[in-house]
Protein chains: 2
Amino acid sequence: MSVPLYQAKAEFFKTLGHPARIRILELLSERDHAVHELLAAIAIEPSSLSQQLAVLRRTSMVVSRRDNGEVVYSVSVPEVRDLLAAARQILSGIIAAQGDLEDELSSMSAAR
Amino acid sequence: MSVPLYQAKAEFFKTLGHPARIRILELLSERDHAVHELLAAIAIEPSSLSQQLAVLRRTSMVVSRRDNGEVVYSVSVPEVRDLLAAARQILSGIIAAQGDLEDELSSMSAAR
DNA sequence: TCAGGACTTGAAGAAGTGTGCAATTCATGT
DNA sequence: ACATGAATTGCACACTTCTTCAAGTCCTGA
């Protein structure tokens, strides 16, 4: 491979590293959406949405088709849903752990 | 939650969006490693390694302990391995698809 | 208590990203 | 052929993130 695998992985995760792109993928993993639907669901400038869609298109994570005067997007890799679920899992674990830590700290300062 | 969930997710993926951090997590998901072991495995400046370890520490994805004059790191969330596996899966799917596309293109240009 | 190794931190410049405005493309309906 | 609505693209500016060098910190063994 020309690009080392770990670098390809990093680039892949980078494309997920933006709130709008996460929301787009979450919406698209439920069902296909037209751009104006995404626009209504995500509070963002149209041009900014387009930019983020372009990023996702470049990495082949979504594809678009024109349908009756509107552009409809869909996820091209169904496993994206699994990935988002795995992330949710890990994230909730981390957040719970941080919550515990905060509890501990506050009980410490309460105790002494 | 103070930070919207989709933003927390984006930040989470951002921390994965760097080749050195991916390699660190892959190495650590096999077994704990001391910093000098990571250093030997990853071609990178010591200070740069430290920076990346700090990023992973800040997001609670790894923890460090001092052991006999060396600092040993370990992943704090075992599910990280699943996540990396899911990413590998998706990535290989995308790469395979791109390979097919290239095959198609080259056979087209060969044909005409 | 000092020396040395193992790491970490600070900071500055280079490089890469995101945002919003204006201009453009594209396909439809008239 | 043209006007329109729907999306996209080109840019410039602000903001982040990386990388490296220099300067610490923190054990541990002499």
Side-chain angles (χ1 to χ4, degrees), chain A residues 3-4 6-28 31-76, chain B residues 3-4 6-25 27-28 32-76:
Chain A
V3 178
Y6 54 84
Q7 178 141 8
K9 275 186 210 163
E11 310 243 309
F12 173 74
F13 283 120
K14 249 187 237 169
T15 72
L16 296 174
H18 188 288
R21 295 197 291 264
I22 292 287
R23 299 211 67 191
I24 292 168
L25 288 175
E26 287 183 336
L27 290 166
L28 293 186
R31 63 169 177 79
D32 295 0
H33 281 70
V35 173
H36 63 86
E37 291 178 309
L38 294 173
L39 201 48
I42 308 175
I44 190 181
E45 290 277 315
S47 72
S48 194
L49 176 57
S50 246
Q51 300 278 9
Q52 305 315 327
L53 286 171
V55 172
L56 293 173
R57 254 186 287 121
R58 251 178 257 135
T59 58
S60 304
M61 298 195 67
V62 306
V63 294
S64 65
R65 63 176 185 280
R66 187 172 282 273
D67 177 22
N68 241 322
E70 55 187 30
V71 178
V72 177
Y73 278 83
S74 39
V75 298
S76 51
Chain B
V3 178
Y6 54 84
Q7 179 140 6
K9 276 187 209 163
E11 310 244 307
F12 173 75
F13 283 121
K14 249 189 236 169
T15 73
L16 296 174
H18 188 289
R21 295 197 290 265
I22 291 287
R23 300 211 64 194
I24 292 168
L25 287 175
L27 290 166
L28 293 185
D32 295 0
H33 281 70
V35 173
H36 61 86
E37 292 177 309
L38 294 172
L39 202 48
I42 308 175
I44 191 181
E45 291 275 315
S47 71
S48 193
L49 176 58
S50 245
Q51 300 277 10
Q52 306 314 327
L53 286 170
V55 172
L56 292 173
R57 253 187 288 121
R58 250 178 259 133
T59 57
S60 304
M61 298 195 66
V62 307
V63 294
S64 65
R65 62 177 184 279
R66 187 171 283 272
D67 176 22
N68 241 320
E70 54 187 31
V71 178
V72 177
Y73 277 85
S74 39
V75 297
S76 51

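Letters A, B, ... mirror the listed sequences (proteins, then strands); counts begin at 1. Note that the structure is predicted; figures quoted are calculated from it, not measured. Hydrogens, waters and symmetry mates play no part in the numbers below; they use all other heavy atoms, side chains included.
Atoms CD and NE2, on B:Gln7 and A:His18 in that order, are 9.5 Å from each other to the nearest 0.5 Å. Here B:Leu25 contributes atom CG and B:Gln52 contributes atom CD; the two are 11.0 Å apart, rounded to the nearest 0.5 Å.
Residues satisfying the side chain to side chain contact (heavy atoms under 4.5 Å, CB included) test with B:Ile42, not counting sequence neighbours, are B:Arg23, B:Ile24, B:Leu27, B:Ile44. With sequence neighbours excluded, the residues forming a salt bridge (Lys or Arg N to Asp or Glu O under 4.0 Å) with A:Arg31 are A:Glu37, listed by chain and number.
When side chains are defined from C-beta on, A:Val63 counts as touching A:Ser74, because their heavy atoms get closer than 4.5 Å. A:Arg58 has its side chain out of reach of A:Thr15: every pair of non-hydrogen atoms, C-beta onward, lies at least 4.5 Å apart. A 4.5 Å side-chain heavy-atom check between B:Arg21 and B:Leu56 finds at least one atom pair inside the cut-off. A:Thr59 places none of its side-chain heavy atoms less than 4.5 Å from the side chain of A:Lys14.
For A:Leu38 against A:Leu49, the heavy-atom pair with the smallest separation is CB-CD2, 4.0 Å. Closest heavy-atom contact between A:Leu53 and A:Tyr73: CD1-CE1, 3.6 Å.
For the side-chain hydrogen bond (donor to acceptor under 3.5 Å, both in side chains) criterion with B:Glu70, the lone passing option out of B:His36, B:His33, B:Arg65 is B:His36.
For the contact set between residues 31-38 of chain A and DNA chain D, defined by any heavy atom under 4.0 Å, the members are A:Val35, A:His36. Residues of residues 61-76 of chain A having a heavy atom closer than 4.0 Å to DNA chain D, listed by number: A:Gly69, A:Glu70, A:Val71, A:Tyr73.
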Can you build the contact string for nucleotides 16-22 of chain C? Use B for base contact, S for sugar-phosphate-only contact, and - for no protein heavy atom under 4.0 Å. --SSBB-
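First and last contacts of DNA chain D with chain B, using any nucleotide atom under 4.0 Å from a protein heavy atom and ordered 5' to 3', fall at D:dC18 to D:dT28.
No side-chain donor-acceptor contact under 3.5 Å links B:Ser64 to the backbone of B:Val72.
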